[in-house]
Amino acid sequence: SEVVGLANKGSVYIIEIKSSEGENTGQLKRYLININCEAQMEQLMEFMYNIESSAKLLRVEKYQISPKSRESSVARCSLVISKVALY
């Protein structure tokens with residue numbers, strides 16, 4: 001919900017979102033979120049910055065950005081975001 005809130009705040013349109021459990025290491029549990037989204041390049045950069053700056057221990061693990069179409073100013077982005085939780 002934190003990621004969706006950051007996307008809405010930054011005018012990033014989420015096309016698809018999938019979550020999965022990552023690995024357990026000791027007292028840490030790592031969750032992965034895969035997101036496909038569209039936005040202006042400035043909005044994508046702000047979205048990624050806000051994810052990295054989040055107090056919820058979110059991190060952009062991987063990303064791939066490409067133009068939506070040849071003449072468009074809108075970019076498509078695939079992100080893998082991780083969240084670490086203590087338990």
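Since the structure is predicted, the reported quantities are computational estimates derived from the model, not experimental observations.
- Of the inter-residue distances, the one linking Met45 atom CE with Gln40 atom CD reads 12.0 Å to the nearest 0.5 angstrom.
- No continuous path of ILVMFWY side-chain contacts below 4.5 Å connects Ile17 to Tyr31, so the two sit in separate hydrophobic clusters.
- Nearest heavy-atom pair across Ser11 and Gln43 is CB-NE2, 3.4 Å.
- Here the CD atom belonging to Glu61 is positioned 11.0 Å from the CG atom belonging to Asn34, to the nearest 0.5 angstrom.
- Heavy atoms only, all atoms of each residue included: Ile33 and Val3 are closest at CD1-CG2, 4.1 Å.
- The cluster map of Ile, Leu, Val, Met, Phe, Trp and Tyr, joined by side-chain heavy atoms under 4.5 Å apart, puts Tyr63 and Ile35 in the same cluster.
- The two residues Ser82 and Arg30 have their closest heavy-atom pair at CB-NE, 3.8 Å.
- Residues that satisfy the salt bridge (charged side-chain N to carboxylate O under 4.0 Å, His left out) test with Glu16, not counting sequence neighbours, are Lys18.
- In this structure the side chain of Pro67 never reaches within 4.5 angstrom of the side chain of Ser72, judged on heavy atoms.
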(Q) Would Val74 and Tyr13 count as a side-chain contact (heavy atoms from CB on, under 4.5 Å) here? Give the steps. (A) CA-CA 11 Å; Val74 176; Tyr13 175 66; over 6 Å; no

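- The hydrophobic clustering, which links ILVMFWY residues whose side-chain heavy atoms are closer than 4.5 Å, places Ile14 and Ile81 together.
- Here the shortest heavy-atom pairing between Phe47 and Val12 reads CB-CG2, 3.7 Å.
- The minimum heavy-atom distance linking Met48 with Val60 is given by the pair O-CG2, 4.3 Å.
- Contact check for Arg76 versus Asn36: no side-chain heavy atoms found under the 4.5 Å cut-off.
- Following chains of ILVMFWY side-chain contacts shorter than 4.5 Å, one cannot reach Leu58 starting from Val80, and the two form parts of different hydrophobic clusters.
- Within the 4.5 Å cutoff, side-chain heavy atoms of Ile65 are placed close to those of Met41.
- Using a 4.5 Å heavy-atom threshold, the side chains of Lys62 and Leu32 count as separate.
- When hydrophobic clusters are built by joining Ile, Leu, Val, Met, Phe, Trp and Tyr residues whose side-chain heavy atoms come closer than 4.5 Å, directly or via intermediates, Tyr49 is not grouped with Leu44.
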